[in-house]
Amino acid sequence: MESRGVTLPLLGNKIMYKQILVPVDLNEKGFADKAVELAVWHAKRSNAELHLLNVLPGIHMSMVSSYFPKDAAKKMKEDVSIQLNEFAAKFVDEEVVYKVHVSEGKPYVTILDYAERLGADLIVMPSHKRSKIDKVMLGSVASKVVENSPINVMVVKPQG
């Protein structure tokens, strides 16, 4: 099946994926739930592996790191990893194989880097509910991922 020049992986009439990446923002409760739910649905039908990724701001930058204790980044990653595993246990069905990843950096760049490293063939991206002015001024991680991704990106809009 081909859509706008993009070849989709098929088995019979089903679109099949092998590696699905879902960026998860743990700071906003309920934000990633729907995206994970859809990713789990696709993973079950494709027998795909699911990857949940949380991207922390880069506190190792020299100017920023001087404000934090030496082990702050390590402790933060450990805490977020625990939270991400708890989130996964709550929202990912037992029959789906999944891994959690915690990284630092610019969110959209890190997401695209992980997609490439993991050999992901789908990114399921939650999108914030923002006004047009916010998008112009702040930019949108989801829109930057869509613009720069060489693979399929499913953007999940907030409900309600």
Side-chain angles (χ1 to χ4, degrees), residues 1-58 77 80-160:
M1 175 180 218
E2 201 161 303
S3 173
R4 294 187 184 176
V6 176
T7 303
L8 301 176
L10 291 177
L11 180 63
N13 286 340
K14 290 184 179 178
I15 296 173
M16 303 297 288
Y17 300 105
K18 294 181 179 115
Q19 304 290 328
I20 301 172
L21 177 63
V22 185
V24 175
D25 183 351
L26 295 168
N27 292 323
E28 296 196 32
K29 300 298 177 208
F31 176 61
D33 304 6
K34 189 69 175 171
V36 171
E37 182 182 311
L38 282 168
V40 165
W41 185 88
H42 280 284
K44 284 170 135 179
R45 275 137 194 87
S46 298
N47 200 27
E49 188 170 11
L50 191 61
H51 298 270
L52 303 180
L53 171 66
N54 182 274
V55 182
L56 299 170
K77 278 185 174 181
V80 170
S81 182
I82 290 167
Q83 291 175 43
L84 192 55
N85 275 296
E86 289 171 355
F87 176 89
K90 183 176 179 182
F91 290 101
V92 179
D93 292 357
E94 290 179 11
E95 64 215 59
V96 174
V97 175
Y98 71 89
K99 292 180 181 166
V100 299
H101 309 273
V102 178
S103 190
E104 277 184 71
K106 194 173 216 171
Y108 88 92
V109 172
T110 306
I111 291 164
L112 293 172
D113 179 53
Y114 261 81
E116 184 178 340
R117 271 198 267 168
L118 297 167
D121 42 13
L122 176 65
I123 299 171
V124 179
M125 188 84 208
S127 177
H128 283 281
K129 193 181 257 183
R130 294 201 197 275
S131 72
K132 288 180 183 176
I133 291 173
D134 284 344
K135 285 182 184 171
V136 169
M137 293 180 68
L138 300 174
S140 163
V141 173
S143 68
K144 287 178 182 173
V145 169
V146 169
E147 285 175 31
N148 295 287
S149 178
I151 63 169
N152 292 329
V153 179
M154 177 185 295
V155 178
V156 180
K157 295 288 202 172
Q159 306 301 302

Heavy-atom side-chain proximity of E104 to K77 below 4.5 angstrom:
yes

Spacing of CE belonging to M125 relative to CG belonging to L21, to within rounding of 0.5 Å
8.5 Å

More than 12 heavy atoms of other residues, nucleotides or ligands under 6.0 Å from CG of N148: is that the case?
yes

Using side-chain heavy atoms (C-beta onward) and a distance below 4.5 Å, is V55 in contact with L53?
yes

Looking at every non-hydrogen atom in both residues, tell me the closest pair between P126 and A142 and how far apart they are.
O-CB, 4.2 Å

Check: V102 main-chain N/O paired with N54 side-chain donor or acceptor under 3.5 Å:
no

Spatial distance of atom CD1 (I111) from atom CD (E116) [nearest 0.5 Å]:
14.5 Å

To the closest 0.5 Å, what do you measure between NZ (K99) and CG (L84)?
14.0 Å

Say whether, by atom type as modelled, one donor and one acceptor occur between the side chain of S46 and the main chain of A43 under 3.5 angstrom.
no

Check ring pair (Phe, Tyr, Trp, His ring centres under 6.0 Å) between F87 and all other residues, then give those that pass, not counting sequence neighbours.
F91

Does the pair V124 and L122 meet the rule for a side chain to side chain contact (heavy atoms under 4.5 Å, CB included), with working shown?
CA-CA 6 Å; V124 179; L122 176 65; 3.8 Å; yes

So, H51 versus Y98, ring centres under 6.0 angstrom or not?
no

Quick check for you: to the nearest 0.5 Å, what is the distance between E147 atom CD and Y108 atom OH?
8.5 Å

Salt bridge (charged side-chain N to carboxylate O under 4.0 Å, His left out) pairs, two or more places apart, involving residues 85-94:
K44-D93

Atom CD1 in I123, atom OH in Y17: separation rounded to 0.5 Å?
11.5 Å

Stepwise side chain to side chain contact (heavy atoms under 4.5 Å, CB included) check, R45 with W41
CA-CA 6 Å; R45 275 137 194 87; W41 185 88; 2.8 Å; yes

State, to 0.1 Å, how close A115 and I151 come at their nearest heavy-atom pair, and which atoms those are.
CB-CD1, 4.2 Å

Which distance, rounded to the nearest 0.5 Å, do you find between the CE of M16 and the NE2 of H42?
11.5 Å

Report the residue from L50, I20, V22 that forms a side-chain contact (heavy atoms from CB on, under 4.5 Å) with V40.
L50

Indicate the atoms forming the closest heavy-atom contact of L52 with A88, along with that distance.
CD1-CB, 3.6 Å

Picking from N152, V153, V146, what satisfies side-chain contact (heavy atoms from CB on, under 4.5 Å) with S149?
V153

